[in-house]
Trainee: 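Sharing a structure here in structure tokens format.
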Amino acid sequence: MQSEIEWTFESTSELDTQRLGKKLAEFLTPGTVIALNGNLGAGKTRLVQAIATALDVDPAEVTSPTFVLIQEYQGRLPLYHFDTYRLRDTDEFLELGADDLLYSNGVCLIEWADKVRDVLPGDLLQINIEHSSQTARTFRLQGQGPRSKQIIARLQTESF
């Protein structure tokens with residue numbers, strides 16, 4: 001098994017989450033896949049909105065794709081936003097054409113990614129979000145693979 005790299009970010013407000021998303025977007029390259037996990041209301045969609053805005057996507061367009069399952073946004077990079085919460089299994093995920101998008105020249109952001117973990121690429125940036133308080137969140141980023149490890153390494157050297 002490949003070694004992982006990990007980094008934790010403490011957010012005390014939506015502004016902090018926006019700053020994290022903006023900084024993260026600076027380091028995204030075509031083919032990046034980000035797995036987002038956390039309870040309802042943890043901030044998965046809020047982080048996606050911050051990343052999308054930083055990639056020049058109109059923030060009004062970015063909503064949770066719970067009922068649509070996949071949203072596609074055009075910005076500096078194509079952005080594919082998945083919500084797997086309502087899927088029964090990984091076969092249903094693949095039937096959506098997810099495998100084509102996961103290996104495309106876009107960035108994939110997958111909410112509730114643990115539900116489809118077994119079909120996600122090995123080079124994956126995993127972000128687990130936990131409530132610290134009503135307004136605070138803890139973001140635990142784990143990278144496995146060269147692309148995701150490089151993103152975390154760059155985040156570790158940045159000041160927020």
Side-chain angles (χ1 to χ4, degrees), residues 6-87 93 96-98 100-117 120-121 123-143 147-148 150-160:
E6 188 171 312
W7 180 70
T8 301
F9 178 79
E10 298 292 337
S11 170
T12 59
S13 66
E14 284 190 21
L15 183 59
D16 285 347
T17 300
Q18 291 169 356
R19 285 188 3 248
L20 173 61
K22 181 178 180 181
K23 187 56 70 176
L24 188 56
E26 289 178 25
F27 306 135
L28 300 180
T29 58
T32 302
V33 178
I34 300 175
L36 297 160
N37 290 293
N39 294 332
L40 286 171
K44 297 178 294 294
T45 301
R46 180 70 61 217
L47 182 61
V48 169
Q49 289 170 330
I51 293 168
T53 300
L55 291 174
D56 299 329
V57 174
D58 180 354
E61 289 183 31
V62 183
T63 59
S64 178
T66 299
F67 297 103
V68 178
L69 304 179
I70 301 175
Q71 297 278 16
E72 184 175 341
Y73 309 111
Q74 291 302 319
R76 282 188 284 122
L77 293 169
L79 188 62
Y80 305 105
H81 181 197
F82 300 82
D83 188 323
T84 64
Y85 182 75
R86 298 192 181 280
L87 296 182
F93 181 66
L96 295 170
D100 291 335
L101 299 177
L102 292 172
Y103 297 96
S104 71
N105 284 326
V107 171
C108 293
L109 302 165
I110 306 161
E111 295 190 37
W112 304 98
D114 280 350
K115 292 188 78 166
V116 296
R117 178 65 176 105
L120 297 180
D123 193 340
L124 180 71
L125 178 58
Q126 183 159 317
I127 302 177
N128 295 308
I129 308 169
E130 298 173 5
H131 289 90
S132 304
S133 72
Q134 188 167 348
T135 57
R137 304 291 186 266
T138 299
F139 292 83
R140 284 185 174 67
L141 289 75
Q142 296 173 312
R147 180 191 325 264
S148 58
Q150 182 180 36
I151 291 169
I152 292 176
R154 292 180 74 186
L155 283 169
Q156 289 174 330
T157 64
E158 293 291 317
S159 59
F160 285 81

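Computed from a predicted structure; not experimentally measured.
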Trainee: How many angstroms lie between CZ in Phe27 and OG in Ser148, if you round to the nearest 0.5 Å?
Mentor: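 Rounded to the nearest 0.5 Å, the CZ-OG separation comes out at 14.0 Å.
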Trainee: What I'd like to find out is whether the side chain of Leu87 reaches to under 4.5 Å of the side chain of Leu96, using heavy atoms alone.
Mentor: yes
Trainee: Side chains of Lys23 and Arg19: does their closest heavy-atom pair fall under 4.5 Å?
Mentor: no
Trainee: Does Ala113 offer a backbone N or O that forms a donor-acceptor pair with the side chain of Asn37 under 3.5 Å?
Mentor: yes
Trainee: Quick check for you: to the nearest 0.5 Å, what is the distance between Leu15 atom CG and Thr135 atom OG1?
Mentor: 12.0 Å
Trainee: Look at atom CD of Gln142 and say whether more than 12 heavy atoms of other residues, nucleotides or ligands are closer to it than 6.0 Å.
Mentor: yes
Trainee: What do the steps show when you test Gln49 against Arg46 for side-chain hydrogen bond (donor to acceptor under 3.5 Å, both in side chains), and what is the final call?
Mentor: CA-CA 5 Å; Gln49 289 170 330; Arg46 180 70 61 217; 2.6 Å; yes
Trainee: For Pro78 versus Asn105, what's the shortest heavy-atom pair and its separation?
Mentor: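 Between these two residues, the closest heavy atoms are CD-O, 3.8 Å.
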Trainee: Kindly give the heavy-atom pair with the smallest separation between Thr17 and Ser11, and that separation in Å.
Mentor: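 Nearest heavy atoms, Thr17 then Ser11: OG1-OG, 2.9 Å.
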Trainee: In chain order, what residues pass the side-chain contact (heavy atoms from CB on, under 4.5 Å) check against Thr12, with sequence neighbours excluded?
Mentor: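 Partners of Thr12 by the side-chain contact (heavy atoms from CB on, under 4.5 Å) criterion, ordered by chain and then number, come out as Asp16.
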Trainee: Does Leu40 reach the side chain of Trp112, with side-chain heavy atoms less than 4.5 Å apart?
Mentor: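 The answer is yes, as the side chains (C-beta and beyond) meet within the 4.5 Å cut-off.
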Trainee: Between Leu102 and Phe93, is any pair of side-chain heavy atoms under 4.5 Å apart?
Mentor: yes
Trainee: Give me each pair satisfying side-chain hydrogen bond (donor to acceptor under 3.5 Å, both in side chains) with a member in residues 51-60, each pair once, sequence neighbours excluded.
Mentor: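 Qualifying pairs: Asp56-Arg76.
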Trainee: Hey, are the side chains of Val33 and Asp123 touching, using non-hydrogen atoms and a 4.5 Å cut-off?
Mentor: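 Not in contact.
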Trainee: Main chain of Glu6, side chain of Gln156: is a donor-acceptor contact present, judged purely on distance under 3.5 Å?
Mentor: yes
Trainee: Give the C-alpha distance, both sets of side-chain angles, the deciding distance and a yes or no for side chain to side chain contact (heavy atoms under 4.5 Å, CB included) between Phe82 and Leu101.
Mentor: CA-CA 10 Å; Phe82 300 82; Leu101 299 177; 3.8 Å; yes
Trainee: Using the rule side chain to side chain contact (heavy atoms under 4.5 Å, CB included), only one of Leu141, Leu120, Ile110, Asp114 pairs with Gln126; which is it?
Mentor: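 Option passing the side chain to side chain contact (heavy atoms under 4.5 Å, CB included) with Gln126: Asp114.
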Trainee: Between Gln18 and Lys22, is the side chain to side chain contact (heavy atoms under 4.5 Å, CB included) condition met? List the steps.
Mentor: CA-CA 6 Å; Gln18 291 169 356; Lys22 181 178 180 181; over 6 Å; no
Trainee: What I'd like to find out is whether the side chain of Asp83 reaches to under 4.5 Å of the side chain of Lys44, using heavy atoms alone.
Mentor: no
Trainee: Can you see which heavy atom on Ala52 is nearest to which on Leu79, and at what distance?
Mentor: CB-CD2, 3.5 Å
Trainee: Just how far is it from atom CZ of Phe139 to atom CG of Leu155, taken to the nearest 0.5 Å?
Mentor: 12.0 Å
Trainee: Can you name the nearest heavy-atom pair linking Lys115 to Thr84, along with the distance?
Mentor: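 Nearest heavy atoms, Lys115 then Thr84: CD-O, 3.3 Å.
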Trainee: How close do Tyr73 and Val62 get, heavy atom to heavy atom, and via which atoms?
Mentor: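 Taking Tyr73 first and Val62 second, the nearest heavy atoms are OH-CA, 3.5 Å.
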Trainee: Is the shortest side-chain heavy-atom distance between Glu130 and Arg137 below 4.5 Å?
Mentor: no
Trainee: Between atom NE2 of His81 and atom CD of Glu61, what is the distance when rounded to the nearest 0.5 Å?
Mentor: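 With rounding to 0.5 Å, NE2 (His81) is 13.0 Å from CD (Glu61).
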Trainee: With the side chain counted from C-beta on, respond yes when Ile34 and Ile151 share a heavy-atom pair under 4.5 Å apart, and no when they do not.
Mentor: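 Side-chain contact under 4.5 Å: no.
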Trainee: Quick one: pull up CD1 in Ile129 and CZ in Phe9 and give me the separation to the nearest 0.5 Å.
Mentor: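 Going from CD1 on Ile129 over to CZ on Phe9, the span is 11.5 Å.
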Trainee: Under the 3.5 angstrom rule, does the side chain of His131 hit a backbone N or O of Asn39 as a donor-acceptor pair?
Mentor: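 Not a single qualifying donor-acceptor pair exists.
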Trainee: Can a donor-acceptor pair be found, under 3.5 Å and without considering hydrogens, that links the side chain of Arg147 to the backbone of Pro30?
Mentor: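 Such a contact is found between Arg147 side chain and Pro30 backbone.
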Trainee: Please give me the minimum heavy-atom distance between Ala54 and Ala25, naming the atom from each residue.
Mentor: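 That would be CB-CB, 3.5 Å.
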Trainee: From Ile152 CD1 over to Leu24 CG, what is the distance, rounded to the nearest 0.5 angstrom?
Mentor: 9.0 Å
